[in-house]
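Encoded as structure tokens, the structure appears first; notes follow it.
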Amino acid sequence: MLRLRVKEVAREKGMSMHRLSLQAQLSYHVVREIFIDPYKPVSSDTINKIAEALGVPVTDIIEDVPKWQAEEERRRLKSQPEDS
């Protein structure tokens, strides 16, 4: 499964969700949803905008993980508060 590393890369760059949404010209809601659920299906256009705003190649914000790992992480994320 594809996993978006947007939250991790944004934190490495010191970029908030708000700033990322402005620089990528995406709604804050879209960026927030990706931070909350890194497995959220998004368009290639959205991925390109985010990568450009972060100043990284698209390959830096996408990773392929086994399905079992994705399911385990999603369960864990659902049990955590949103601002973690």
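On a predicted model such as this, the values are computed, not experimentally measured, just so you know.
Between M1 and A70, the shortest heavy-atom distance links the atoms SD-CB, 3.4 Å. Across all non-hydrogen atoms, the minimal contact from V31 to M17 is CG1-O, 3.8 Å. Here the closest non-hydrogen pair linking A10 and F35 is CB-CZ, 3.7 Å.
For the atom pair L54 CG and R19 CZ, the distance stands at 9.5 Å (nearest 0.5 Å). The distance from the CD1 atom of I34 to the OG atom of S21 is 11.0 Å, given to the nearest 0.5 Å. Residue R32 holds its CZ atom at 11.0 Å from NZ of K7, rounded to the nearest 0.5 Å.
Using a 4.5 Å heavy-atom threshold, the side chains of L20 and L26 count as separate. The side-chain heavy atoms of Y39 and V65, taken from C-beta on, include a pair separated by under 4.5 Å.
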Derivation and outcome, side-chain contact (heavy atoms from CB on, under 4.5 Å), residues Q23 and M15: CA-CA 10 Å; Q23 289 196 319; M15 191 176 293; 3.0 Å; yes
Trace of the salt bridge (charged side-chain N to carboxylate O under 4.0 Å, His left out) decision for E73 with R76: CA-CA 5 Å; E73 183 178 18; R76 185 177 49 79; 3.7 Å; yes
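Among residues two or more places apart in sequence or in another chain, the side chain to side chain contact (heavy atoms under 4.5 Å, CB included) test is passed with P41 by none. Remark: I62 pairs with L2, L4, I47, V58 by the side chain to side chain contact (heavy atoms under 4.5 Å, CB included) rule, at least two apart or across chains. Applying the salt bridge (Lys or Arg N to Asp or Glu O under 4.0 Å) rule to E12 yields the partners R5; only residues at least two apart in sequence or on another chain are considered.
Residues V30 and L77 are members of separate hydrophobic clusters, defined by side-chain heavy-atom contacts under 4.5 angstrom among Ile, Leu, Val, Met, Phe, Trp and Tyr. Both I61 and V42 belong to a common hydrophobic cluster when Ile, Leu, Val, Met, Phe, Trp and Tyr are linked at side-chain heavy-atom distances under 4.5 angstrom. Placement of I50 and V56 within a single hydrophobic cluster is found when ILVMFWY residues are connected by side-chain heavy-atom separations under 4.5 Å, directly or transitively.
A salt bridge is absent between E72 and R75: the closest approach of a Lys/Arg side-chain nitrogen to an acidic carboxylate oxygen does not fall below 4.0 angstrom.
Under a 3.5 Å cut-off, the side chain of N48 and the backbone N or O of S44 do form a donor-acceptor pair.
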